[in-house]
Amino acid sequence: MKMPVPDSGIIARRREIVEALRAIVPGEGVIVDENELRAYECDGLTAFRQLPMVAVLPSTVEQVSQVLKACKAMGVKVVPRGAGTSLSGGALPLADGVLLGMGKFKRILDIDYANRCVTVQPGVTNLGISNAVAHEGFYYAPDPSSQIACTIGGNIAENSGGVHCLKYGLTTNNVLGLEMVLIDGTIIRLGGKHLDAGGYDLMGIITGSEGLLGVVTEVTVRILKKPATARAVLLGFPSSEQGGDCVAAIIAAGIIPGGMEMMDRPAIHAAEAFVHAGYPLDVEALLIVELDGPAAEVDHLIDRVEAIARDKGACYARVSKSEEERLAFWAGRKAAFPAVGRISPDYYCMDGTIPRKALPLVLQRMQEMSDRCGLRVANVFHAGDGNLHPLILYDANKPGELEAAEEFGNDILRLCVEVGGVLTGEHGVGVEKRDLMTDQFDEADLQQQQRLKCAFDPDGLLNPGKVFPTLHRCAELGRLHVHQGELRFPEIPRF
């Protein structure tokens with residue numbers, strides 16, 4: 001995975017840069033020791049590692065502003081970082097860059113039940129928001145599997161989803177307001193506690209921008225009242241294709257579950273051995289379908305879902321009888337990623353999204369790919385919205401297996417695009433999918449996206465080397481003014 005060639009001139013000025021940062025963030029807020037920097041050498045995509053030139057840990061918005069302003073003045077690249085749970089390499093450091101850690105921003109600033117929103121700093125964990133309002137019967141809907149550790153700032157960067165995003169939306173559907181610092185140190189506010197605002201949807205641009213446009217320092221999210229009733233049903237199928245058919249049939253019937261997840265045999269067995277959730281072990285595919293709302297409505301919908309499942313060949317059905325049992329069903333799914341880690345030395349977690357109707361075809365094609373390359377795959381995914389998370393099992397100690405796993409993953413993502421889907425559903429592009437962007441977008445599309453980045457970050461200092469396979473200077477994308485065929489100030493050298 002190629003990254004921008006480190007600027008030797010910047011590295012030679014390391015001491016000067018460190019001194020400038022220490023003047024802004026005193027004490028232990030600037031990390032330069034190699035052993036201490038090891039904690040920041042990678043994120044959740046652990047196959048790729050790189051020590052940052054220096055790490056800085058600000059504790060106030062003003063410090064973030066001054067750090068970014070200083071880095072812009074010195075021409076130094078900046079990589080923002082939250083909890084480091086990104087699975088696409090979005091927080092991979094640069095050898096000639098400053099890693100800006102936001103871990104000290106972990107305060108809940110305001111809980112407003114009347115307006116059903118909470119304002120937090122970006123270092124607050126996803127689950128921390130729900131825990132803070134649970135005693136009043138509220139919760140924050142997006143729930144990634146890493147919600148115990150991932151932070152809301154990282155959720156903004158990657159537009160994270162989770163098992164309940166089918167009905168309640170991704171991060172972008174649950175964010176009301178942001179405070180953000182631009183690369184020149186300017187502090188801006190977007191949105192607020194109100195539902196919507198006039199003008200361009202800048203929050204929609206920032207959410208999912210992967211740290212390329214600015215650094216988020218405050219977030220206001222909507223919270224929801226917990227449903228009166230929530231029940232889950234386990235549905236087992238003789239084949240993954242039949243499970244995929246059932247997913248499409250449920251949605252086609254007009255039923256929108258609170259969550260609808262699917263696991264194949266390897267994932268089922270791994271999760272059951274790890275959590276003991278009570279999953280059936282004699283099925284090839286398992287659906288977890290949760291219905292929520294008034295009790296009478298939930299009972300009616302469960303009956304309908306069971307009837308649809310039987311029509312699609314389900315050989316197992318079990319409805320949760322208590323809240324403890326419902327949570328046990330989800331515990332297995334939530335623990336699927338670490339559970340798979342017990343059956344393979346390494347695994348490569350993919351993330352692509354497809355139209356629901358393509359599920360049976362894609363699952364079949366993935367199995368064919370698995371057979372050809374000789375690497376096993378365990379499937380765990382958000383079936384309701386077609387967001388796939390194939391886990392490719394490999395052993396990094398065996399020569400060539402990592403490369404084979406990467407190529408297998410690339411083929412899966414190309415397949416997602418081929419059937420009308422996209423390269424990512426919630427993990428982001430980062431470095432993992434960067435070189436596949438041309439499979440989804442043409443050159444004009446990518447250049448238009450880069451023009452937007454230039455509007456926020458004209459010098460390309462924020463998280464370079466991520467998302468875009470071909471880097472362009474902003475001047476190359478039409479920012480130079482030409483009048484009557486001549487540039488202004490033609491005597492100035494142009495790159």
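These figures come from a predicted structure and were not determined experimentally.
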>> More than 12 heavy atoms of other residues, nucleotides or ligands under 6.0 Å from CZ of Arg107: yes or no?
In response: no

> Hey, does the side chain of Gln63 reach the backbone of Ser59 with a donor-acceptor pair shorter than 3.5 angstrom?
Replying inline: yes

> Could you go step by step and tell me if Gln367 and Glu241 meet the side-chain contact (heavy atoms from CB on, under 4.5 Å) rule?
Replying inline: CA-CA 11 Å; Gln367 186 56 54; Glu241 290 76 18; 5.9 Å; no

> Distance from Asp435 atom CG to Met437 atom CE, nearest 0.5 Å?
Replying inline: 10.5 Å

> Can you tell me how far CG of Asp457 sits from CG of Leu212, rounded to the nearest 0.5 angstrom?
Replying inline: 7.5 Å

> Looking at side-chain heavy atoms only, is the closest gap between Asp43 and Phe48 below 4.5 Å?
Replying inline: no

> Does Lys77 reach the main-chain N or O of Gly460 with its side chain, forming a donor-acceptor pair under 3.5 Å?
Replying inline: no

> Glu432 and His427: side-chain donor and acceptor closer than 3.5 Å?
Replying inline: no

> Is a side-chain N or O of Asn387 found less than 3.5 angstrom from the main chain of Ala383, in a donor-acceptor match?
Replying inline: no

> How close do Phe105 and Pro58 get, heavy atom to heavy atom, and via which atoms?
Replying inline: CE1-O, 3.3 Å

> Has Lys167 got more than 12 heavy atoms of other residues, nucleotides or ligands less than 6.0 Å from its NZ?
Replying inline: yes

> Any chance the rings of Tyr113 and Phe138 have centres within less than 6.0 Å?
Replying inline: yes

> Where do Asn155 and Cys150 come nearest, in terms of heavy atoms and distance?
Replying inline: ND2-SG, 3.5 Å

> Is there a donor in the side chain of Thr207 and an acceptor in the side chain of Asn159, or the other way round, less than 3.5 Å apart?
Replying inline: no

> Is Asp439 salt-bridged to Arg414, going by a charged N under 4.0 Å from an acidic O?
Replying inline: yes

> Which value, rounded to the nearest 0.5 Å, describes the distance between Ile302 atom CD1 and Glu297 atom CD?
Replying inline: 11.0 Å

> Do Val78 and Leu461 have side chains that get closer than 4.5 Å, going by heavy atoms?
Replying inline: no

> Is it the case that more than 12 heavy atoms not belonging to Ile148 sit under 6.0 Å from its CD1 atom?
Replying inline: no

> Looking at Ile251 and Pro257, what are the two nearest heavy atoms and their distance?
Replying inline: CD1-CD, 4.1 Å

> Is any side-chain heavy atom of Glu158 less than 4.5 Å from a side-chain heavy atom of Ser86?
Replying inline: yes

>> Tell me whether Gln450 contacts the main-chain N or O of Cys474 through its side chain, where contact means a donor paired with an acceptor under 3.5 Å.
In response: no

> Between the side chains of Ser239 and Gln242, does any donor sit under 3.5 Å from an acceptor?
Replying inline: yes

> Is there a side-chain contact between Leu462 and Leu213, using heavy atoms and a 4.5 Å cut-off?
Replying inline: no

> What are the two closest heavy atoms between Ala267 and Val380, and how far apart are they?
Replying inline: CB-CG2, 3.5 Å

> Looking only at atom types and distance, does a side-chain atom of Thr220 sit under 3.5 Å from a main-chain N or O of Gly192, one as donor and one as acceptor?
Replying inline: no

> With side chains defined as the heavy atoms from C-beta onward, is the minimum distance between Leu423 and Phe441 less than 4.5 Å?
Replying inline: no

> So, for Met262 and Leu287, which heavy atoms are closest and what is the spacing to 0.1 Å?
Replying inline: CB-CD2, 3.7 Å

> Do Tyr140 and Gln147 come close enough that some side-chain heavy atom pair is under 4.5 Å?
Replying inline: no

>> Quick check against the 3.5 Å criterion: does Tyr279 have a side-chain atom that pairs as donor or acceptor with the backbone of Phe329?
In response: yes

>> With side-chain contact (heavy atoms from CB on, under 4.5 Å) as the criterion, how do Met203 and Ile206 come out once you've worked through the C-alpha distance, each side chain's angles and the decisive distance to 0.1 Å?
In response: CA-CA 5 Å; Met203 280 197 302; Ile206 300 305; 5.7 Å; no

> Would you say the side chain of Asp299 lies within less than 4.5 Å of the side chain of Arg231, judging by non-hydrogen atoms?
Replying inline: yes

> Hey, what do you get for NE2 (His300) to CD1 (Ile255), rounding to the nearest 0.5 Å?
Replying inline: 7.5 Å

>> Using the rule given for side-chain contact (heavy atoms from CB on, under 4.5 Å), can you reason through Arg333 versus Ser145, listing the C-alpha separation, both sets of side-chain angles and the distance that settles it, and then say yes or no?
In response: CA-CA 8 Å; Arg333 166 59 185 90; Ser145 294; 3.4 Å; yes

> Is the number of heavy atoms from other residues, nucleotides or ligands within 6.0 Å of NZ (Lys104) greater than 12?
Replying inline: yes

>> Whether Glu210 and Lys466 form a salt bridge (side-chain N of Lys/Arg under 4.0 Å from carboxylate O of Asp/Glu) is what I want to check.
In response: no

>> Looking only at side-chain N and O atoms, does His389 offer a donor or acceptor that is under 3.5 Å from a partner on Glu261?
In response: no

>> What's the separation between atom CG in Leu388 and atom CG in Leu363, rounded to the nearest 0.5 Å?
In response: 7.0 Å

> Looking only at side chains, do Tyr168 and Asp292 share a donor and an acceptor under 3.5 Å apart?
Replying inline: yes

>> Working note: Phe381 + Asp264, criterion side-chain contact (heavy atoms from CB on, under 4.5 Å); need CA distance, chi angles, decisive distance, verdict.
In response: CA-CA 9 Å; Phe381 55 89; Asp264 66 4; over 6 Å; no

> Hey, mind stepping through Glu418 and Arg365 against salt bridge (charged side-chain N to carboxylate O under 4.0 Å, His left out) and telling me if it holds?
Replying inline: CA-CA 12 Å; Glu418 177 188 326; Arg365 292 272 296 275; 3.5 Å; yes

> From Lys433 NZ over to Leu413 CG, what is the distance, rounded to the nearest 0.5 angstrom?
Replying inline: 6.5 Å

> If every non-hydrogen atom of Val133 is compared with every non-hydrogen atom of Ile111, which pair is closest and at what distance?
Replying inline: CG1-CG2, 3.9 Å

>> Side chains of Glu179 and Thr217: any donor to acceptor distance under 3.5 Å?
In response: yes

> Does any non-hydrogen side-chain atom of Pro122 lie less than 4.5 Å from one of Thr151?
Replying inline: no

> Taking atom types as modelled and ignoring hydrogens, do the side chains of His269 and Arg265 form a donor-acceptor contact shorter than 3.5 angstrom?
Replying inline: yes

> Are any side-chain N or O atoms of Arg222 and backbone N or O atoms of Ala141, one a donor and one an acceptor, separated by less than 3.5 Å?
Replying inline: no

> Is there a donor-acceptor contact under 3.5 Å from the side chain of Ser146 to the main chain of Ala149?
Replying inline: no

>> Check whether Asn115 reaches the backbone of Cys117 with its side chain - one donor and one acceptor, N or O, closer than 3.5 Å.
In response: no

>> Using only atom types and a distance under 3.5 Å, with no angle test, would you say the side chain of Asp445 pairs donor to acceptor with the backbone of Asp442?
In response: yes

